[in-house]
Enquirer: 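This structure is in structure tokens; I'll ask about it shortly.
For ligands, and for the atoms within them, numbers begin at 1 and follow the listed sequence.
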Amino acid sequence: MTITFKDEAGIAGMRLAGRLASEVLDFLAPHIKPGITTNELDMLAHGYIVDVQDAIPAPLNYTPSGYNPYPKSICTSVNHQVCHGIPNDKALKKGDIVNVDITVIKDGWHGDTSRMFQVGDSSIAARRLCAMTYEAMWHGIAQVKPGARLGDIGHAIQKFAEHHGFSVVREFCGHGIGRGFHEEPQVLHYGKPGTGVELLPGMTFTIEPMINAGKRDIKELGDGWTIVTRDHSLSAQWEHTILVTPTGYEVLTLSSGSPPPPGFMSLPA
Ligand code: MF3
Ligand code: CO
Ligand code: CO
């Protein structure tokens, strides 16, 4: 496998898929309240993607080698769950934090994005973790331009997260995306500046840091998918799909409900 470069038609397809993925999160947001189950969120999202968007939920039956088929249409990772949480019949409760990760396929193109949500009001510590993880993602996005390297993205995320006393999960990373869900390259959320693959216009990949309040170590649950922190500390993740443009980047997974970029993004460089 090699990195795929998107031409104008491909970019148009990726823009549409990206916006639709983000619009699923806009649609779900008002439902994320104490008492709703993650299975109910999954059913709502499935209906919206299939019936309203005329798109396909990419996770459903997704079967990377070595995995069993993913059984649901979205991922919901609650509290100490890091990623790939499988929706179930347990109700969300006040104070939970939950990552909802949406990937849709539209006209053969993938859009992949996730956000953190508070269920009711969360603790100050939980809110801070979610806010800092959002900033960490944007510190990575801010590095994206032709000639920069993947290590610049990882380094910016790691430096910011660790400076604030958090840890970066190493076992999962961002990824190239296009007609494939997970394409090359791997986009690590840690690293050294000036190292790794050089960014070029037409590349599309995700940036999706998983940041833990405690230690970085993780383990997989017996369901073969759900990843949790070993020390049971809280974990947060945000994800955008990004296009490298001739002058910098374009965030493909934006919609009317996307939170604004953090304040530092509008400061002079
Ligand atoms: N959306 C996830 C990512 O950001 C992948 C989920 S794979 C699934 O790469 F099968 F768990 F859905
Ligand atoms: Co992804
Ligand atoms: Co995702």
Side-chain angles (χ1 to χ4, degrees), residues 1 3-4 14 17-25 28 38-39 41-43 45-46 49-50 55-78 81-88 98-106 109-117 133-134 136-137 140-141 144 150 153-154 157 168-189 203-211 218 220-228 235-243 251-255 258:
M1 263 290 283
I3 296 172
T4 63
M14 290 295 290
R19 178 170 59 77
L20 292 181
S22 187
E23 285 176 352
V24 178
L25 292 170
L28 289 176
T38 48
N39 260 344
L41 294 175
D42 179 69
M43 288 187 291
H46 181 94
I49 293 166
V50 171
I56 298 166
L60 188 59
N61 296 315
Y62 182 58
T63 315
S65 75
Y67 282 78
N68 52 303
Y70 188 79
K72 300 284 174 174
S73 295
I74 68 174
C75 298
T76 52
S77 303
V78 182
Q81 295 179 346
V82 173
C83 63
H84 304 166
I86 301 174
N88 61 28
V98 57
N99 174 276
V100 180
D101 192 340
I102 302 293
T103 312
V104 303
I105 310 169
K106 180 72 175 179
W109 298 101
H110 288 71
D112 187 8
T113 187
S114 79
R115 299 181 199 157
M116 295 301 298
F117 296 89
T133 303
Y134 186 62
M137 173 185 68
I141 293 171
V144 175
L150 285 177
I153 298 172
I157 292 168
V168 178
V169 171
R170 308 294 173 101
E171 290 83 352
F172 297 89
C173 55
H175 49 92
I177 182 167
R179 291 200 177 274
F181 192 165
H182 293 104
E183 300 184 349
E184 285 186 18
Q186 296 195 45
V187 181
L188 304 184
H189 304 115
M203 290 172 63
T204 51
F205 53 82
T206 72
I207 299 178
E208 50 178 303
M210 286 140 277
I211 305 293
I218 53 134
E220 186 181 285
L221 297 187
D223 61 21
W225 279 102
T226 310
I227 305 297
V228 299
S235 187
Q237 178 178 31
W238 291 80
E239 175 174 24
H240 271 312
T241 299
I242 308 292
L243 166 71
V251 179
L252 297 174
T253 36
L254 293 175
S255 59
S258 300

Enquirer: What does the N/O contact table under 3.5 Å look like for ligand 1?
Expert:
unit_1	atom_1	unit_2	atom_2	d
ligand 1	1 (N)	Asp101	OD1	3.2
ligand 1	1 (N)	Asp101	OD2	3.1
ligand 1	1 (N)	Thr103	OG1	3.3
ligand 1	1 (N)	Asp112	OD1	3.2
ligand 1	4 (O)	Asp101	OD2	3.3
ligand 1	4 (O)	Asp112	OD2	3.1
ligand 1	4 (O)	Glu208	OE1	2.7
ligand 1	4 (O)	Glu208	OE2	3.2
ligand 1	4 (O)	Glu239	OE1	2.9
ligand 1	4 (O)	Glu239	OE2	3.0
ligand 1	9 (O)	His175	NE2	3.1
ligand 1	9 (O)	His182	NE2	2.7

Enquirer: I'd like to check Asp112 versus Glu208 (side-chain heavy atoms, cut-off strictly below 4.5 Å). Are they in contact?
Expert: yes
Enquirer: Under 2.8 Å from the Co ion (ligand 2), is there an N/O/S atom belonging to His182?
Expert: no
Enquirer: State the CZ-CG distance between Arg115 and Asn99, to the nearest 0.5 angstrom.
Expert: 11.0 Å
Enquirer: Out of Asn88, Asn39, Val98, Leu28, which one pairs with Thr76 under the side-chain contact (heavy atoms from CB on, under 4.5 Å) rule?
Expert: Val98
Enquirer: Output, by chain and residue number, all protein N/O/S atoms separated from the Co ion (ligand 3) by less than 2.8 Å.
Expert: Asp101 OD1, Asp101 OD2, Asp112 OD1, Glu239 OE1
Enquirer: Could you point out which residue of Thr241, Thr113, Ile242 forms a side-chain contact (heavy atoms from CB on, under 4.5 Å) with Leu252?
Expert: Thr241
Enquirer: Of all the N, O or S atoms in His175, which has the shortest distance to the Co ion (ligand 2)?
Expert: NE2
Enquirer: Heavy-atom distance under 4.5 Å between the side chains of Val228 and Gln81, does that happen here?
Expert: yes
Enquirer: Classify the ring geometry between His182 and Tyr62 as parallel (under 30°), tilted (30 to 60°) or perpendicular (over 60°).
Expert: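 Plane angle between 30° and 60°, so tilted.
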Enquirer: Measure the spacing between OG1 of Thr253 and CZ of Arg19 and express it to the nearest 0.5 Å.
Expert: 12.5 Å
Enquirer: Between Tyr70 and Gly85, which heavy-atom pair has the shortest distance, and what is it?
Expert: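 Looking at all heavy atoms of both residues, the closest pair is OH-O, 2.9 Å.
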Enquirer: Mind telling me whether Phe172 and His84 have parallel, tilted or perpendicular rings, with 30° and 60° as the class edges?
Expert: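 Judged by the thresholds at 30° and 60°, the geometry between His84 and Phe172 is perpendicular.
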